[in-house]
Amino acid sequence: MSEKKLRTFSGVQPSGNLHIGNYLGAIRNWIDLQNNFEAIFCIVDWHAITVPYNPKELKKRVIEIAKIYLAAGIDPNKSIIFIQSQVKEHAELAWILNATAARVSDLKKMTQFKDKSLKKGEGNASVGLFDYPVLMAADILLYDTKIVPVGEDQLQHIELTRTLARRFNQKFNSLFIIPEAKINQTSSRIMALNNPQVKMSKSAESEYNYIALLDSIEIIEKKIRKAVTDSGSVIEYSDKKPALKNLINIYASFSDKSPEEIVKIYQNKGYADFKQGLTKMVLNFLIPFQKKYNSLDDEEVLEILNAGKQKAEYLAQIKMEQVRKTLGLN
Ligand code: AQP
């Protein structure tokens with residue numbers, strides 16, 4: 001008899017142009033995991049509506065993200081790929097966790113809420129943005145997830161998920177598995193090209209913040225050329241040169257070379273040579289990736305998402321039946 005595999009779950013919000021940070025920090029790590037775990041990858045559209053958005057654009061982006069998952073190597077024969085809003089149990093469990101396990105004081109500690117509400121002020125942010133981590137906890141706990149592959153910015157949310165699961169288990173019944181985050185050291189936090197103090201982000205105001213996975217060759221060349229560098233001209237991997245360190249991390253992530261090897265290659269060369277080398281590494285990955293992306297057919301992608309919905313819904317309904325029964329809600 002085959003052993004039951006542990007489960008892995010992760011997702012991306014359709015909230016802008018997916019960038020190499022999303023790929024290196026999260027999606028790339030999913031590819032290997034799908035071989036050893038029961039893998040579930042979600043397009044978390046309910047998260048994306050917590051900030052102002054355009055409905056038509058959202059619909060387009062959901063398909064775009066599904067295609068990105070597939071082009072990156074997520075195999076629908078091995079993994080479940082689906083859209084969050086199609087499985088209503090996510091919202092049901094989020095409400096239940098809100099009511100039974102989450103505290104206002106937990107959510108007030110979340111740095112992502114503070115960062116994201118900074119522009120308009122906390123008082124003007126949506127309640128959904130404030131409560132986002134509880135919905136994320138529901139996404140994860142609904143599927144008995146053990147491993148959550150994410151970038152560093154999500155670690156605090158995973159910690160909260162663990163707290164909510166423990167609280168619920170202690171208060172009622174041990175229904176939830178306590179999940180663990182999995183991050184990749186060199187690429188867990190890719191910084192913005194135009195400011196190494198902030199992370200690369202798809203909702204950034206300037207498109208020079210990120211390299212989108214679907215940017216054209218010309219745009220990618222231009223963005224890397226314009227990427228900020230530190231003063232001086234020596235290629236060093238050091239915290240004193242955060243912009244260069246970030247670019248070396250990107251180079252290392254797209255090559256089989258360590259930061260030390262990269263520094264050696266460019267030790268007698270300047271920033272311009274290094275940037276040319278970096279552009280080559282990024283394009284070596286993105287050109288075939290985009291070719292695969294462009295070859296995917298919308299109808300087939302919709303079929304994959306529909307099949308994924310059926311499978312995810314089946315699992316979610318079993319879990320929610322247990323939760324409802326435990327809480328006297330059935
Ligand atoms: N800069 C990054 N470096 C490494 N990993 C990153 N991730 C995001 N930015 C970086 C990881 O990508 C996954 C999907 O992210 P998300 O869609 O949940 O949203 P986010 O974390 O808030 O990322 P963005 O790109 O900054 O989106 P917006 O601007 O919409 O908020 C996650 O695993 C995340 O850690």
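As the structure lists them, so they are numbered: ligands from 1, and atoms in each ligand from 1.
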*Do the rings of Phe82 and Tyr143 sit parallel, tilted or perpendicular, given the 30° and 60° boundaries?*
perpendicular
*Could you see which bit of Gln112 sits under 4.0 Å from ligand 1, with heavy atoms only: side chain, backbone, both or neither?*
side chain
*With heavy atoms under 4.0 Å as the rule, classify the contact between Ser201 and ligand 1 as side chain, backbone, both or neither.*
both
*By number and element, which atoms of ligand 1 are closer than 4.0 Å to a non-hydrogen atom of Lys116?*
22 (O), 28 (P), 31 (O)
_Quick test of your reading of the model: are Lys240 and Asp230 salt-bridged, counting only N-O distances below 4.0 Å?_
no
*Quick one: look up the protein heavy atom nearest atom 30 (O) of ligand 1 and list residue, atom name and how far away it is.*
Ser15 OG, 2.6 Å
*atom 9 (N) of ligand 1: which protein heavy atom is closest, and how many Å away?*
Lys199 NZ, 3.0 Å
*Using the side chain to side chain donor-acceptor pair (under 3.5 Å) rule, take Glu261 and Ser258 through it: C-alpha gap first, then chi angles, then the decisive distance, then the call.*
CA-CA 5 Å; Glu261 287 170 312; Ser258 66; 3.3 Å; yes
*Identify, for atom 6 (C) of ligand 1, the protein heavy atom at the shortest distance, and state residue, atom and that distance.*
Gly21 O, 3.6 Å
*Mind telling me whether Phe274 and Tyr266 have parallel, tilted or perpendicular rings, with 30° and 60° as the class edges?*
perpendicular
*Shared ILVMFWY cluster between Ile147 and Met136, side chains joined below 4.5 angstrom?*
no
*asked:* Check this for me, if you would: do Glu57 and Arg61 make a salt bridge, where the nitrogen-to-carboxylate-oxygen distance has to be below 4.0 angstrom?
replied: yes
*atom 8 (C) of ligand 1 [closest protein heavy-atom partner, distance rounded to 0.1 Å]*: Asn22 ND2, 3.2 Å
*Charged N to carboxylate O under 4.0 angstrom, Asp45 versus Lys59?*
no
*Which heavy atom of the protein is the closest neighbour of atom 3 (N) of ligand 1, given with residue, atom name and distance?*
Ile190 N, 2.8 Å
*Could Arg167 and Asp106 be called an ion pair, given the rule that one side-chain N must be under 4.0 Å from one carboxylate O?*
yes
_Is the contact between Ala204 and ligand 1 made by the side chain, the backbone, both, or neither, using heavy atoms and a 4.0 Å cut-off?_
neither
*Could you check atom 29 (O) of ligand 1 against the protein and tell me its nearest heavy-atom contact, residue, atom and distance included?*
Ser203 OG, 2.4 Å
*Is Met191 in contact with ligand 1, taking contact as a heavy-atom separation below 4.0 Å?*
no
_Below 4.0 Å, non-hydrogen atoms only: which portion of Arg189 touches ligand 1? Side chain, backbone, both or neither._
backbone
_Below a 4.0 angstrom heavy-atom separation, can you tell me which part of His47, side chain or backbone, both or neither, approaches ligand 1?_
neither
*What residue and heavy atom of the protein are closest to atom 21 (O) of ligand 1, and at what distance?*
Asp153 OD2, 2.5 Å
*Tell me which protein heavy atom sits closest to atom 33 (O) of ligand 1, plus the residue, atom name and distance to 0.1 Å.*
Gly151 N, 3.2 Å
*Linked, directly or transitively: Ile190 and Val198 (ILVMFWY side chains, under 4.5 Å)*: no
*Does Ser188 approach ligand 1 within less than 4.0 angstrom via side chain, backbone, both or neither, non-hydrogen atoms only?*
backbone
*Using a strict cut-off of 4.0 Å, indicate which atoms of ligand 1 neighbour a heavy atom of Ser187.*
4 (C)
*May I ask you to list the atoms of ligand 1 that are less than 4.0 angstrom from any heavy atom of Met200?*
1 (N), 2 (C), 9 (N)
*Just wondering, are more than 12 heavy atoms of other shown residues or ligands nearer than 6.0 Å to NZ in Lys114?*
yes
*Winner among Tyr23, Tyr132, Trp30 once heavy atoms are compared against atom 18 (O) of ligand 1*: Tyr132
*Stepwise, does the side chain to side chain contact (heavy atoms under 4.5 Å, CB included) test hold for Leu97 with Leu135?*
CA-CA 8 Å; Leu97 293 174; Leu135 178 58; over 6 Å; no
_At less than 4.0 angstrom from any non-hydrogen atom of Gly25, what atoms of ligand 1 do you find?_
4 (C), 5 (N)
_Per-atom contacts of ligand 1 with Ala26, taking only distances under 4.0 Å to non-hydrogen atoms_ = 12 (O), 13 (C), 33 (O)
*Is there a donor-acceptor contact under 3.5 Å from the side chain of Lys146 to the main chain of Ile178?*
yes
*Around Gln267, counting heavy atoms of other residues, nucleotides and ligands shown, do more than 12 lie under 6.0 Å from its CD?*
yes
*Which of the numbered atoms in ligand 1 are below 4.0 angstrom from a heavy atom of Val12?*
14 (C), 17 (O)
